[in-house]
Q: 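Quick one: this structure, given as structure tokens, is what I'll be asking you about.
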Amino acid sequence: MTSPAVTCAAGDSLAVAAQAMQGAETGSVVVTDDGKVVGILTERDLLRAAAAAGEPGLEIVRLWMTAWPDVLGPDERVDAAWASLTSHHYRHLPVVEGDRCIGVVSLRDLMGVARIRPAAETSGDVPAGLEGVVVAETTIGDVRGQQGFYHYRQYSAVELAETRSLEDVWSLLFRGELPDADAAASFAAEVRRRRAMPAGLSTLLPALARRGAPLDVLRTAVSLLGAELGWRPTHDIGADELADEAVGLCAVVPTILAAAYRLRQGEEPVEPHPDLGAAANYLYMLTGEEPSAPHARAIEQYMILTIDHGFNASTFTARVVTSTGADLAAAIVAAIGALSGPLHGGAPSRALDMLDAIGTPERADAYVRRALDNGERIMGFGHRVYKTDDPRSLLLRGVAEELGGPLVAFSQSVERTTVDVLAELKPGRHLYTNVEFYAGVVMHTCGIPREMFTPTFAAGRVIGWSTHVMEQASHNRLIRPAARYVGPPPPQPVSPAA
Ligand SMILES: CC(C)(COP(=O)(O)OP(=O)(O)OC[C@H]1O[C@@H](n2cnc3c(N)ncnc32)[C@H](O)[C@@H]1OP(=O)(O)O)[C@@H](O)C(=O)NCCC(=O)NCCS
């Protein structure tokens, strides 16, 4: 409820009541007599008076108010208030304790509790960052933050990462079902066929690679790819054409990234390997050497775990751009831009930088305390949705343990210290490692250079983005929210030009 209630006396003029409402920015005024409720006057009553051409300074409240309105007790349940308001078509009800008015409950208050609002109304209380706001329906997957669980289609993403290949999960996302052996083999073969860059792009790539970091190069390269392959607006093409573009895009992205990295190092790009699976081939194109089976599998599991993850910033961005009917390249370029920020995809290399800066386990406590004192964020910790262990982090920690090595033992020790210090200095915030912490450790251990951490994330995530582009395009509606204007009240006079 809103408390205290705005009140006036039955003998006051409508002008006095209207001023009280306006001053408190409320839609009603409770009419009291010696503290007891005798009526309620609402904006609707003021409108009725205005329509009757009454003079607000002369008309008195008693003639226009609803006398002896329904009231509520302070301990009544929200559904009782809701029933009372809706059955009488009221918008406001006084709340009374004893015989004193202590507040007003309005339809708007109740809609705030229920998190519903009239379709045409711009809501004032959407949380900053749209946290928890449902903006679409999807069959691709979901994240249950409180439970530490997420899924692709109807399957646990962690179980898929434990048991399936990247191509199988890719096929699940694109086609809606897990492939049987034949379908899996034919999908994997199609993807292999489409790994090579088109000629125009491979000609231009060296010039691009000299100028930017691999993720920036990818952003530009995807633009070029769309232009070179003549991708048309999603608005103008059918599902099959878009799906075909998406398979080609996701097949070639690792090739672009590996080539961009090697060219930047002054090395020749390595052609895709016809016999290797997607993750092993990516490592091969990056390093020029066939990876060991454990390394290839570790990176494959990392890529499966990060293919998709609800309506994160880059996925939402891809859907917003698709909703305009733009082509696949435009949506993916925008998503790459969103991913490039350190609060989204840029954390694994920063997490590893932090491990370097800490240096030895016994320095972790002081390092974290100093960082928090300075108001800094500890990279690789905390998550918008997970308020418990990030399931991706749990699996990757296990993968890291299997790979072994001094960095793994050190990072586990830093994790323990950091979680303890965060719990002490940020109580109640539920801060644990997110996917990025062990992602950095795993990628480093498998020989991926630090500047390729976020690009490697993109190499898998492009599959998730493309799935969302296809879903958005399949039943599209332009995404067009609203903002609340909070600047100086318009219209202000425009000063004449000097
Ligand atoms: C991912 C992230 C942006 C999510 O943040 P969010 O949902 O916006 O959470 P909030 O900013 O509301 O943080 C809630 C509280 O926890 C604190 N917090 C969150 N993550 C923190 C971190 N990594 N280190 C220290 N404090 C952190 C915030 O300071 C805030 O404290 P306050 O209540 O005293 O202001 C945030 O956890 C973060 O910046 N993490 C580090 C970057 C990172 O690892 N990104 C990769 C994500 S997969």
Q: In sequence, state the C-alpha distance, the side-chain angles, and the governing distance for Q472 and R477, and then conclude on side-chain contact (heavy atoms from CB on, under 4.5 Å).
A: CA-CA 8 Å; Q472 180 70 38; R477 178 164 166 80; 5.5 Å; no

Q: When you look at CD of E402, are more than 12 heavy atoms from neighbouring residues, nucleotides or ligands closer to it than 6.0 Å?
A: no

Q: Can you tell me how far CZ of F457 sits from CE of M303, rounded to the nearest 0.5 angstrom?
A: 11.0 Å

Q: With distance as the sole test, does R297 use its side chain to make a donor-acceptor pair with the main-chain N or O of S292 at under 3.5 Å?
A: no

Q: Is the closest basic N to carboxylate O distance between R416 and D420 below 4.0 Å?
A: no

Q: Please find the pair of heavy atoms, one from L283 and one from H295, that lie closest to each other, and give the distance.
A: CD1-O, 3.8 Å

Q: Is E415 salt-bridged to R397, going by a charged N under 4.0 Å from an acidic O?
A: yes

Q: Is it true that a side-chain atom of T417 and a backbone atom of S413 form a donor plus acceptor pair closer than 3.5 Å?
A: yes

Q: Regarding T433 and Y438, is there a side-chain donor-to-acceptor distance under 3.5 Å anywhere?
A: no

Q: Determine whether the side chains of Q301 and E162 contain a donor N or O and an acceptor N or O closer than 3.5 Å.
A: no

Q: Hey, is R193 close enough to E190 for a salt bridge, meaning N to O under 4.0 Å?
A: no

Q: Measuring from L422:CG to L372:CG, what's the distance to the nearest 0.5 Å?
A: 5.5 Å

Q: Pick from L355, L403, V399: which one makes a side-chain contact (heavy atoms from CB on, under 4.5 Å) with V441?
A: L355

Q: Are side-chain heavy atoms of V414 and Y367 found at a separation under 4.5 Å?
A: no

Q: List the atom of A318, the atom of A331, and the distance in Å for their closest heavy-atom pair.
A: O-CB, 3.7 Å

Q: Between L339 and T454, is any pair of side-chain heavy atoms under 4.5 Å apart?
A: yes

Q: Can you tell me if H344 and S314 form a side-chain donor-acceptor pair at under 3.5 Å?
A: yes

Q: For a 4.5 angstrom cut-off between non-hydrogen side-chain atoms, does F311 reach V134?
A: no

Q: Any Lys/Arg nitrogen of D216 or R211 sitting under 4.0 Å from an Asp/Glu carboxylate oxygen of the other?
A: no

Q: Which atom pair, heavy atoms only, marks the closest approach of F453 to I448?
A: CE1-O, 3.2 Å

Q: Any donor and acceptor pair, going by atom type alone, linking the side chain of N312 with main-chain N or O of G310 inside 3.5 Å?
A: yes

Q: Look at the side chain of D390 and the backbone N and O of V435, then say whether any donor-acceptor pair between them is shorter than 3.5 Å.
A: yes

Q: Side chains of H444 and L352: does their closest heavy-atom pair fall under 4.5 Å?
A: yes

Q: Within the distance-only criterion (no hydrogens, no angle test), does the side chain of D389 pair as donor or acceptor with the backbone N or O of P391 below 3.5 angstrom?
A: no

Q: Does this structure show an ion pair linking E131 with R384, if we count only N-O contacts that are shorter than 4.0 Å?
A: yes

Q: Assess whether a salt bridge exists between R264 and E451, defined as any Lys/Arg side-chain N lying under 4.0 Å from an Asp/Glu carboxylate O.
A: yes

Q: Do the side chains of S106 and R91 get nearer than 4.5 Å, heavy atoms only?
A: no

Q: Would you find more than 12 non-hydrogen atoms of other residues, nucleotides or ligands less than 6.0 Å from E271 atom CD?
A: no

Q: Would you say R429's side chain and P427's backbone share a donor-acceptor pair under 3.5 angstrom?
A: yes

Q: Could you report the tightest heavy-atom contact between V270 and G288, atom names first, then the distance?
A: CG2-CA, 4.0 Å

Q: Treating R144 as the side-chain partner and Y150 as the backbone partner, does any N or O pair qualify as donor plus acceptor under 3.5 Å?
A: no

Q: Output, in order, the C-alpha distance, side-chain angles, deciding distance and verdict of side-chain hydrogen bond (donor to acceptor under 3.5 Å, both in side chains) for T138 and E471.
A: CA-CA 8 Å; T138 181; E471 185 178 69; 2.7 Å; yes

Q: Checking the side chain of R262 only, and the main-chain atoms of E268 only, is there a donor and an acceptor separated by less than 3.5 Å?
A: yes

Q: Taking 4.0 angstrom as the limit, do R370 and D373 come out as a salt bridge?
A: no

Q: Is any side-chain heavy atom of V217 less than 4.5 Å from a side-chain heavy atom of R210?
A: no

Q: For the residue pair W170 and F187, does the interplanar ring angle fall in the parallel (under 30°), tilted (30 to 60°) or perpendicular (over 60°) class?
A: perpendicular

Q: Examine Y432 together with Y386 and report whether their ring centres are nearer than 6.0 Å.
A: no

Q: Listed by chain and number, what are the salt bridge (charged side-chain N to carboxylate O under 4.0 Å, His left out) partners of E159, not counting sequence neighbours?
A: none

Q: Return the minimal non-hydrogen interatomic distance between N434 and G382, and the atom names on each side.
A: ND2-O, 2.8 Å

Q: Tell me, with the steps shown, if L225 and V252 meet side-chain contact (heavy atoms from CB on, under 4.5 Å).
A: CA-CA 10 Å; L225 189 71; V252 81; 3.7 Å; yes

Q: Does atom CG of D240 have more than 12 heavy-atom neighbours from other groups under 6.0 Å away?
A: no

Q: Could you check whether any side-chain N or O of N476 sits under 3.5 Å from a backbone N or O of S323, counting only pairs where one atom can act as donor and the other as acceptor?
A: yes

Q: If you count every heavy atom of other residues, nucleotides or ligands that lies below 6.0 Å from Q154 atom CD, does the total exceed 12?
A: yes

Q: To the closest 0.5 Å, what do you measure between CD1 (I304) and OG1 (T163)?
A: 8.0 Å

Q: How many angstroms lie between atom CZ of R461 and atom OG1 of T306, to the nearest 0.5 angstrom?
A: 6.5 Å

Q: At what distance, to the nearest 0.5 angstrom, does OH of Y261 lie from CD of E267?
A: 7.0 Å

Q: Output yes when E436 and R350 qualify as a salt bridge under the 4.0 Å nitrogen-oxygen rule, no when they do not.
A: no

Q: Less than 6.0 Å separating the ring centroids of H151 and F149?
A: yes

Q: Do P198 and L229 make a side-chain contact, defined as non-hydrogen atoms from C-beta onward lying under 4.5 Å apart?
A: yes

Q: For side-chain contact (heavy atoms from CB on, under 4.5 Å), just list the numbers for M443 and T456, CA-CA rounded to whole Å, side-chain angles, deciding distance to a tenth of an Å, and then say yes or no.
A: CA-CA 9 Å; M443 285 193 266; T456 303; 3.8 Å; yes

Q: Flag the pair M354 / F437 as yes when at least one side-chain heavy-atom distance between them is below 4.5 Å, and no otherwise.
A: yes

Q: Using the benzene-type ring in the case of Trp, are the ring centres of H309 and H383 under 6.0 Å apart?
A: yes

Q: For L166, does its backbone N or O pair with a side-chain atom of E300 as donor and acceptor, under 3.5 Å?
A: yes

Q: Is it true that, when you exclude Q492 itself, more than 12 heavy atoms of the residues, nucleotides or ligands shown sit nearer than 6.0 Å to its CD?
A: yes

Q: Please determine if D308 and R153 form a salt bridge, counting it only when a charged side-chain N lies under 4.0 Å from a carboxylate O.
A: no

Q: Atom CG in L172, atom CD1 in I307: separation rounded to 0.5 Å?
A: 8.5 Å

Q: Does the pair L305 and V158 meet the rule for a side-chain contact (heavy atoms from CB on, under 4.5 Å), with working shown?
A: CA-CA 7 Å; L305 285 173; V158 168; 4.2 Å; yes

Q: Where do L328 and S466 come nearest, in terms of heavy atoms and distance?
A: CD1-OG, 4.4 Å

